[in-house]
Asker: 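Here it is, the structure, as structure tokens.
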Amino acid sequence: MESLKNRLENKKKNLLFTSKQEQQQFFKHFRDTEEYENIRNEMISEAERLIKEPNPELTFSLFDMFYTKGSRTEYERTYFLKRRRLNTFAIMLLLNPDNATFKDALQNVIWSICLEYTWCLPAHTKKEEGIENTYTIDLFAAETAFSLCEIKELLKEVLDPFILQYVSHEVAKRVLQPFLKQKPFFWESADHNWAAVCGGAVGAAALYEIEDPVQLTQILERVLPALEHYKEGFNEDGACLEGYVYWEYGFGYFVYFADLLLKKTNQKINLFSDDKIHQIALFQQKAFLSGNFLVNFSDSSQCKGVFLGLSHYLNEKFPDIDVPKSNLRASFDEDHCSRWAPAIRNIIWYQPEKKGENWRNQSYYLETSQWFISRFELKNEKYAFATKGGHNNEPHNHNDLGHFILHGAGQTFLTDLGSGLYTKDYFGKKRYSYMVNHSFGHSVPIFNGEGQKEGYNYQAKLNEVDIQAEQDSLKINMTNAYPDEILKEYIRTYTLQKRKGILILNDQFTISSKYLDKKLVERFITPIKNISRVEKGLLLKSEHSVDLLITFDYSLLSPHWTPLEFMNHQGVKETAYAIDLVSTITKQEMDRKIEFHFIN
């Protein structure tokens, strides 16, 4: 403890700026300078909309919806709207410190948040444990504490002193004291985003609020090991198996805290000096197909704007971090959870002079995580292919071993459905009843109505990976991806002819004799509605400049396609299409060759 306590040298509270004068100069520059105009206009537009609306309240009926119906949406929509108001009015007051309207609006929403029964979401609490469960710490309780503490510090000369006291009182009561006095929380030893978000946000709140170096040290001595557990959840290649959205979330909070700690210790505790953190930081530039289209394995959205402030900050720490093109910037209202920490840093850390570049044409083999991504260019159009192995007990797991994504000229032709609507069942025993999580919702085979199963024992391994300028090839051993009684051996081979715009898939099966005369379905998931039979196979016609021709042997495979309805993460019903190439298993050893041709 003594060593850590002695390194907490910086006594000032404002850790985002070197001085109050620098803070004022920045927001004046942000308010008056043309290069920030687009970001500024988004915030002004949101403020003008929200100021006309009353403060929403979190009622018991909304709270109880999760327990009675398993629905998270109703409560969370109101919860996040309140945080949107907090963010928006705080930023508008930083831009206009004398504006009484925004001051009143901000103080009222802070008051309302401080009056909430709990800062946790119902999905993360246990109603049956009663009122005492109020003071548990989940992602959103920790985030709220961090947000209020930072806003309080930035606006302490503007806000009413009673509001400042109220924030300190509630943060201590709901987060800091429970963290000090209760037994360790499960997330302190988690190897996923909870450790980084909860740990980083609790640590950040403590850095702002706690002046006693002994008490602050006690908190940091638990926060730092939690962040170590988070780091250990990554393989050496830095891939985020939870999906890119959780990289931006979990790693984002790691960075936000690490930056504050670096300043609080006058550069003496530098969490960025670890090579593994460097590798994790590099994940972003490998996780996109083109533009804002994602390699969206696991629970991740299909498209996502980039946190440019975070990207620019990481580029300062690690010069080999690619700076994304500025038009990929996530808008102010894109984060439906309305998190303060990234919102303010996407202003403060944003460097308008960094215009960025398109994602580079390159192939990435993330060997320990078993991901493969290839981006290439053909006739001035961007193309990409991605596939994965691994196992079916990954964080935010989908049963998707051997599944692949194929993208070209601004259109994803073979897709990953991404994350579904989060409900009580989505993270419970019924998780794989959701099409987005079941292997039936992925581009992998189905054997007589049987798909992949969940669990660590169901695995696939990429091997014989060969990356060349004109062609990439790899094999995936899929034998253990399905129940034992189905397969003796299954090798899936991909050959990507980048100069021709052709992907060749070859599936080699050695099938158990008990499956003779059963149905084998080669399934492919597409968002394309316009599908037609042609002489050599199927044509997927997009609204862009490129179509996709799927060719196969009609004498071996009979094509059918059916709509698949699913609920996306925002609760909106979407339709994709399952293309099934069906054959009968006539012998134990079978080969199926299918080609995908991009056509201008």
Side-chain angles (χ1 to χ4, degrees), residues 42-43 45-67 69-92 105-106 108-125 136-151 170 174-175 193-194 197-198 201 205 245-246 248-250 252-253 256 299-301 304-305 307 330-346 418-424 426-427 567-572:
E42 290 172 359
M43 295 172 181
S45 175
E46 189 71 355
E48 290 174 347
R49 180 181 71 84
L50 292 173
I51 204 71
K52 299 173 185 176
E53 299 177 357
N55 262 325
E57 292 303 330
L58 292 167
T59 64
F60 174 74
S61 297
L62 291 175
F63 176 81
D64 205 38
M65 196 78 72
F66 176 77
Y67 300 100
K69 296 185 178 180
S71 175
R72 298 175 55 155
T73 304
E74 295 80 3
Y75 186 93
E76 292 180 12
R77 183 183 295 123
T78 301
Y79 183 101
F80 296 141
L81 177 57
K82 293 179 73 172
R83 273 63 184 171
R84 173 66 54 83
R85 295 173 71 86
L86 177 73
N87 295 354
T88 305
F89 298 146
I91 291 171
M92 294 308 294
L106 177 60
N108 285 333
V109 74
I110 291 174
W111 182 269
S112 177
I113 288 172
C114 287
L115 286 171
E116 289 173 356
Y117 160 67
T118 177
W119 286 346
C120 300
L121 297 186
H124 302 152
T125 61
T136 190
I137 302 173
D138 77 338
L139 299 163
F140 298 95
E143 289 174 30
T144 299
F146 180 9
S147 304
L148 291 175
C149 291
E150 195 158 76
I151 290 169
E170 293 301 311
R174 295 170 184 263
V175 175
N193 71 86
W194 275 70
V197 176
C198 295
V245 170
Y246 284 96
E248 195 175 59
Y249 182 29
Y253 271 85
Y256 310 146
D299 279 338
S300 194
S301 55
K304 180 75 176 69
F307 285 174
S331 63
F332 177 65
D333 61 356
E334 185 170 318
D335 178 9
H336 76 283
C337 295
S338 300
R339 298 177 175 97
W340 164 262
I344 191 65
R345 284 159 179 79
N346 282 330
S419 56
L421 176 64
Y422 286 3
T423 63
K424 192 174 186 178
Y426 192 87
F427 291 104
M567 203 72 77
N568 70 18
H569 189 56
Q570 283 69 44
V572 177

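No experiment lies behind these values; they were computed from the predicted model shown.
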Asker: Under a 4.5 Å cut-off applied to non-hydrogen side-chain atoms, are Ser45 and Phe332 in contact?
Answerer: no
Asker: How about Pro56 and Arg77: do any of their side-chain heavy atoms sit closer than 4.5 Å?
Answerer: no
Asker: Looking at Tyr79, does the NZ or CZ of Arg83 lie under 6.0 angstrom from its six-membered ring centre and within 45 degrees of the ring axis?
Answerer: yes
Asker: What's the shortest heavy-atom distance between Gly305 and Glu248, and which atoms?
Answerer: O-OE2, 3.6 Å
Asker: Counting only N and O atoms by type, is there a donor-acceptor contact under 3.5 Å from the side chain of Arg72 to the main-chain atoms of Leu421?
Answerer: no
Asker: So Phe427 and Asp299, side-chain contact (heavy atoms from CB on, under 4.5 Å) or not? Walk me through it.
Answerer: CA-CA 11 Å; Phe427 291 104; Asp299 279 338; 4.3 Å; yes
Asker: Show the nearest heavy-atom pair for residues Arg84 and Leu50, with the distance to one decimal.
Answerer: CG-CD1, 3.7 Å
Asker: Would you compute the distance between atom SG of Cys120 and atom CZ of Arg174 and round it to the nearest 0.5 angstrom?
Answerer: 9.0 Å
Asker: Could you check Thr118, Ile113, Leu139 and say which one makes a side-chain contact (heavy atoms from CB on, under 4.5 Å) with Thr144?
Answerer: Ile113
Asker: I'd like to know if the side chain of His569 reaches the main chain of Gly420, judged simply by a donor and an acceptor atom lying under 3.5 Å from each other, with no hydrogens or angles considered.
Answerer: yes
Asker: Which heavy atom in Val245 sits nearest to a heavy atom in Ser301, and how many Å separate them?
Answerer: CG2-OG, 3.6 Å
Asker: Can you list everything that forms a side chain to side chain contact (heavy atoms under 4.5 Å, CB included) with Arg339? Sequence neighbours excluded, please.
Answerer: Phe140, Glu143, Tyr249, Tyr253, Asp335, Cys337, Pro342
Asker: Could you grab the distance from atom OG1 of Thr59 to atom CE of Met65, nearest 0.5 Å is fine?
Answerer: 8.0 Å
Asker: Check whether any side-chain heavy atom of Glu76 lies under 4.5 Å from a side-chain heavy atom of His336, and answer yes or no.
Answerer: no
Asker: For the atom pair CG (Asn108) and CG (Asn55), what is the distance rounded to the nearest 0.5 Å?
Answerer: 6.0 Å
Asker: Calculate, to the nearest 0.5 Å, the distance between atoms CG and CD1 belonging to Leu86 and Ile91 respectively.
Answerer: 9.5 Å
Asker: With rounding to the nearest 0.5 Å, note down the distance linking CZ in Phe66 to OG1 in Thr73.
Answerer: 11.0 Å
Asker: Is any side-chain heavy atom of Ile344 less than 4.5 Å from a side-chain heavy atom of Asn87?
Answerer: no
Asker: Might you work through the side-chain contact (heavy atoms from CB on, under 4.5 Å) test for Tyr117 and Thr125, ending with a clear yes or no?
Answerer: CA-CA 12 Å; Tyr117 160 67; Thr125 61; over 6 Å; no
Asker: Quick check: do Tyr75 and Leu58 have side-chain heavy atoms less than 4.5 Å from each other?
Answerer: yes
Asker: Do the side chain of Arg85 and the main chain of Glu53 share a donor and acceptor less than 3.5 angstrom apart?
Answerer: yes
Asker: Please determine if Glu116 and Lys82 form a salt bridge, counting it only when a charged side-chain N lies under 4.0 Å from a carboxylate O.
Answerer: yes
Asker: With the side chain counted from C-beta on, respond yes when Lys304 and Glu334 share a heavy-atom pair under 4.5 Å apart, and no when they do not.
Answerer: yes
Asker: Does some side-chain heavy atom of Glu170 sit less than 4.5 Å from a side-chain heavy atom of Leu148?
Answerer: no
Asker: Can you tell me how far apart CD (Glu46) and CD (Glu42) are? Round to the nearest 0.5 Å.
Answerer: 9.5 Å
Asker: Which heavy atom of Ala141 sits nearest a heavy atom of Thr136, and at what distance?
Answerer: CB-O, 4.4 Å
Asker: Just wondering, do Val175 and Trp119 contact through their side chains at under 4.5 Å, heavy atoms?
Answerer: yes
Asker: Tell me the closest heavy-atom pair linking Leu106 and Ile151, and the distance in Å.
Answerer: CD2-CG2, 4.4 Å
Asker: Could you report the tightest heavy-atom contact between Ala142 and Val197, atom names first, then the distance?
Answerer: CB-O, 4.4 Å
Asker: Does a side-chain N-to-carboxylate-O contact under 4.0 Å join Glu150 and Arg345?
Answerer: yes
